[in-house]
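Heads up: numbering here begins at 1 and tracks the sequence. Basis for what follows: all heavy atoms, side chains included, without hydrogens, waters or symmetry-related copies. Whatever order the structure lists ligands and atoms in, that order sets their numbers, starting from 1.
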Amino acid sequence: MLDFNSKGQAGDQITALIDEALVAERAAMPPRDYLGGSRLGVACDRALQFEFVGAPKDDGADVDGQTLRIFEIGHTLEDLAIRWLRAAGFDLYTRKGNRPDGDQFGFSVAGGRIRGHVDGILASGPAVTGMAFPALWECKTMNAKTWRETVAKGVVVAKSVYAVQIALYQAYMAADVPGIADSPALFTAINKDTAELHHELVPFDAARAQTASDRAVRILRATDAGDLLPRVATSRDFHECRFCAWAGRCWELPA
Ligand code: SF4
């Protein structure tokens, strides 16, 4: 009988085969050649620049199979959240024409060098205090600790990267969906450990969107000019740097 428990036996081998397949799948995908709106709230300009130009990551910093599985589980949970919101009576559009094979809603500016894909647009729904339509819908899945922090502090304080994404998407989607920036966005956070839901209405913050947009332009201009953007930190021990996939490259280059 196959042993699915012992380390180094069948179970581990199967997991390794799955991870190998997922990593190969990802490697076969064309690299992203634009600045993603979902990334423009990260702390470091230089890290964003490395990401934009596709600078090779440090050894061992590439996304592994387990992380890819976490991403995919997140996407699947987001599909469930779509189902749940629709079941609750919200008219939620996630793809053009609301067809499964339709393109995702999104925006593309600066000649396609800044882009974003939105999770959904709420066209109508039940009467909920403070809600108006059309509204941007953004969904994230989180572990219990991050979810609790988001519930306690709100997305703007607990997860500012998401708040920047929401503001930017509201601003850029307004051309295609008039009125979307006049309504608060609906932010849904799913606790992956307990299936608890957090829903939060996020009013449009024009200043936050403008700051992110200006930042994107700064990164594009610096890259076009061949200028290396400054580090976010003065020490490699800084929190962002400890988790940065380009830390080795970064700290060998000038400040
Ligand atoms: S190591 Fe730190 S300063 Fe350098 S790119 Fe990464 S986050 Fe930015």
Discussion item. Check this for me, if you would: do D19 and R69 make a salt bridge, where the nitrogen-to-carboxylate-oxygen distance has to be below 4.0 angstrom?
Written reply: yes
Worksheet item: Is the shortest side-chain N to carboxylate O distance from R115 to D33 below 4.0 Å?
Response: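 The answer is yes: the pair qualifies as a salt bridge.
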Discussion item. List ligand 1 atoms under 4.0 Å from A47, heavy atoms only on the residue side.
Written reply: 5 (S)
Worksheet item: For ligand 1, which atoms have a heavy atom of A247 less than 4.0 angstrom away?
Response: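 Answer for ligand 1: 1 (S).
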Worksheet item: Which class fits the ring pair Y169 and F107: parallel under 30°, tilted 30 to 60°, perpendicular over 60°?
Response: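 The arrangement is perpendicular - the two ring planes meet at more than 60°.
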Worksheet item: Which class fits the ring pair Y162 and F187: parallel under 30°, tilted 30 to 60°, perpendicular over 60°?
Response: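 Rings of Y162 and F187: tilted, 30 to 60°.
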Among all the protein's non-hydrogen atoms, which is closest to [atom], and how far away is it?
{"atom": "atom 4 (Fe) of ligand 1", "answer": "C250 SG, 2.3 Å"}
{"atom": "atom 8 (Fe) of ligand 1", "answer": "C44 SG, 2.3 Å"}
{"atom": "atom 6 (Fe) of ligand 1", "answer": "C244 SG, 2.4 Å"}

Worksheet entry | Whether Q49 side chain and L229 backbone form a donor-acceptor pair below 3.5 Å |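 Flag set: sc Q49 to bb L229 pair under 3.5 Å.
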Practice prompt. May I ask you to check whether F71 and H75 place their ring centres under 6.0 Å from each other?
Written response: no
Worksheet item: With a 4.0 Å heavy-atom cut-off (strictly under), which part of W251 contacts ligand 1: side chain, backbone, both or neither?
Response: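 Near ligand 1, W251 shows its side chain, while the N, CA, C and O stay back.
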Practice prompt. With heavy atoms under 4.0 Å as the rule, classify the contact between C241 and ligand 1 as side chain, backbone, both or neither.
Written response: both
Worksheet item: For atom 3 (S) of ligand 1, which of R231, R236, E51 has the closest heavy atom?
Response: R231
